[in-house]
K.L.:
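Would you mind keeping the following structure in view while I ask a few things?
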Amino acid sequence: MGLLLKKKLDEQDIKARVSPTPREASKSCGISLIVDEADLTLIKQTITENNIEIMKIVSLARKEWKYRST
Amino acid sequence: MADYQQMWTDLGMDLEKHDVLCEVLPEAFGGVYLTQQDRPKGMDFYDFVVSEIHGVRPAEMIQHQKEGGKVFGTFCVYVPDEVVFAAGGIAAGLCGGSQFWVAGGEKVLPANTCPLIKASVGARLDKTCPFFLIPDMYVGETTCDGKKKAWEILAGEVPFHIIDIPQKKRDRDIAAFAAEIQDFIGVVEKVTGNQITAESLGEAIKLINNKRRALQRVYNARKASPVPISGKDALLVTQINFYDDPARAAQMANNLADELEDRISRQAGVFPDNALRIMISGTPMAIPNWKMHHIIESLGAAVVVEESCTGTRYFENLVDESATTLDGQIQALAERYMKTNCACFTPNTARIDDIVRLADEYKVDGIIDTNLQFCNLYSTESYLIKQALTERNLPIMHIETDYSEQDFEQLRTRVEAFLEMLRK
């Protein structure tokens, strides 16, 4: 589902990055799409139009990335 | 998104400990990968695989087992995957690249063991990686003393076969390795219950060669200036190829190569065309070890080639596909694998030739020879490499490091000074 949404967003030139799910969003240890909040209306529309099932949309503060080993 | 909790429970994983790794991954991957600009779209597939790193491929492997298939875990580019796939099995690279697993390995291994071995043992003993719990058999090899002894510990956990790697490259050594492949065929046939025929081995040789050809295309694209893909991304592609389905891996790498070739035709690069071009030579960087690439590329230089087992050594040579008998195919496999210039061989001057050739092909400005801490073989060989490259006026620096964050700032300062010297 995540990749289908990514494909649909690519077709509309809406930026999205496939990412491991941030912990702030869920402890699911799975896939998420990181998108720009400004595109959210269009993205929600795409989700509805294509009957794409998502878990939830979570707002995350931008942060300075710092290297850390896994 | 699939829920893999049940699958992990069934595998006997330590879910609480594993959750600590799940917690770190998004930030680590985000910090290293998602901060990059204008990445090729073809990287979406690899981002997806990382996002479901302990879910999507393990689930495929378990499904394969439910259908009667067998899975073999491997640790080295000297293990001929062709044999496993010819018998209808799955071969998956298991090398541990995470600091998270090191502590588990240290419980049973001497402190002066390399982090790759510590992490590989720790991942299994701590039960925090599904890839280490799925295989029906591990296949080790004798490329260093640390590994040889670690296999004896892991053999208490899971059925184990060890391929003996010769230490020299005379004709009789190639013949000895051919005999090892013959033995390995017998072992794989017994475990899978499937006979390997000239037909099935021929198909498997083509399957793995096609993956190598696809990776060669991706790497060839890195010869262009401006370079169309970052070193980090190229490294991720190679790392994932170690355990992905080989046909899909080839398809995805070919898709990416198509895009990179298009970028080259448009002069679209991910670094400016005057960015320094760096080769990394040395020991493998198993997933998720992205440390050196991150340091170098964060400083504005591009890693354009890796002379390592997670680089050119993995795919450079193809197996001759013309043999039609098992004996001929085994000889072709032995000849191909014995061309890999690992530091376990003595002498290993062909590796120096490889580095010199790659420096020219990829038009590198400098070489950062990097080995994992306590890797005696590569560390010692670095002296001869430095000597040979200095004679040819190829700038080189040597770095020894592990998976931890502890030396990150010191390494950054050293690399920065090296890059500064190259710019003058």
Side-chain angles (χ1 to χ4, degrees), chain A, chain B residues 1-5 8 15 18-36 39 41 43-56 96-102 115 119 287-291 294-295 298 401-409 411-412:
Chain A
M1 279 296 178
L3 287 187
L4 175 63
L5 178 58
K6 171 79 172 90
K7 193 171 158 233
K8 296 288 172 196
L9 297 180
D10 280 349
E11 286 166 7
Q12 300 171 74
D13 271 336
I14 299 171
K15 267 193 195 171
R17 287 248 64 115
V18 179
S19 160
T21 300
R23 294 295 276 197
E24 299 92 323
S26 162
K27 286 179 104 180
S28 64
C29 214
I31 175 184
S32 283
L33 294 184
I34 296 185
V35 299
D36 212 320
E37 203 157 358
D39 297 325
L40 215 48
T41 313
L42 273 174
I43 293 167
K44 282 180 179 168
Q45 207 177 313
T46 309
I47 292 168
T48 316
E49 280 170 8
N50 295 281
N51 287 322
I52 294 170
E53 200 183 318
I54 61 157
M55 262 172 108
K56 58 180 164 180
I57 298 171
V58 178
S59 173
L60 298 175
R62 278 188 197 278
K63 59 182 171 186
E64 281 296 308
W65 289 108
K66 163 183 172 296
Y67 179 79
R68 64 180 295 185
S69 59
T70 43
Chain B
M1 185 204 71
D3 184 355
Y4 299 111
Q5 296 286 330
W8 294 333
L15 294 184
H18 179 247
D19 193 53
V20 179
L21 182 59
C22 288
E23 188 178 350
V24 177
L25 183 68
E27 202 177 321
F29 187 68
V32 176
Y33 278 92
L34 304 182
T35 46
Q36 299 181 96
R39 295 172 73 208
K41 281 203 187 305
M43 290 309 298
D44 285 344
F45 168 74
Y46 303 96
D47 290 350
F48 164 70
V49 175
V50 173
S51 300
E52 300 226 348
I53 196 157
H54 283 174
V56 64
S98 171
Q99 176 67 14
F100 179 74
W101 295 318
V102 167
I287 199 166
N289 178 12
W290 307 305
K291 184 174 172 180
H294 186 60
I295 289 172
S298 300
T401 186
D402 59 12
Y403 298 159
S404 75
E405 295 158 42
Q406 286 176 344
D407 59 353
F408 188 83
E409 291 303 328
L411 287 180
R412 185 153 69 174

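Keep in mind that the numbers below use all heavy atoms, side chains included, and drop hydrogens, waters and symmetry copies. Reminder, nothing fancy here: chain letters follow the sequence lines and each chain counts from 1.
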K.L.:
I'd like to know if B/Asp44 and A/Arg17 make a salt bridge, using a cut-off of under 4.0 Å between side-chain N and carboxylate O.
P.N.:
yes
K.L.:
Can you measure from CD1 (A/Ile31) to CZ (B/Phe48) and round to the nearest 0.5 angstrom?
P.N.:
5.5 Å
K.L.:
What closest approach, in Å, do B/Pro26 and A/Pro22 show between heavy atoms, and which atom pair accounts for it?
P.N.:
CB-CA, 4.0 Å
K.L.:
Side chains of B/Asp19 and A/Arg23, heavy atoms from C-beta outward: is any pair under 4.5 Å?
P.N.:
yes
K.L.:
Among B/Val56, B/Val20, B/Asp47, B/Ile295, which residue has the highest count of heavy-atom pairs closer than 4.5 Å to chain A?
P.N.:
B/Asp47
K.L.:
Just give me the residue among B/Arg39, B/His54, B/Lys41 that pairs up with chain A most often, heavy atom to heavy atom, under 4.5 Å.
P.N.:
B/Arg39
K.L.:
Give the minimum heavy-atom separation between B/Ser51 and A/Pro20, together with the two atoms involved.
P.N.:
OG-N, 3.0 Å
K.L.:
Evaluate whether atom CD of A/Gln12 has more than 12 neighbouring non-hydrogen atoms of other residues, nucleotides or ligands under 6.0 angstrom away.
P.N.:
yes
K.L.:
CD/B/Glu52 to CG/A/Leu3 distance, rounded to the nearest 0.5 angstrom?
P.N.:
8.0 Å
K.L.:
Would you name the heavy atoms of B/Phe29 and A/Val18 that are closest together and state the gap between them?
P.N.:
CE2-O, 4.4 Å
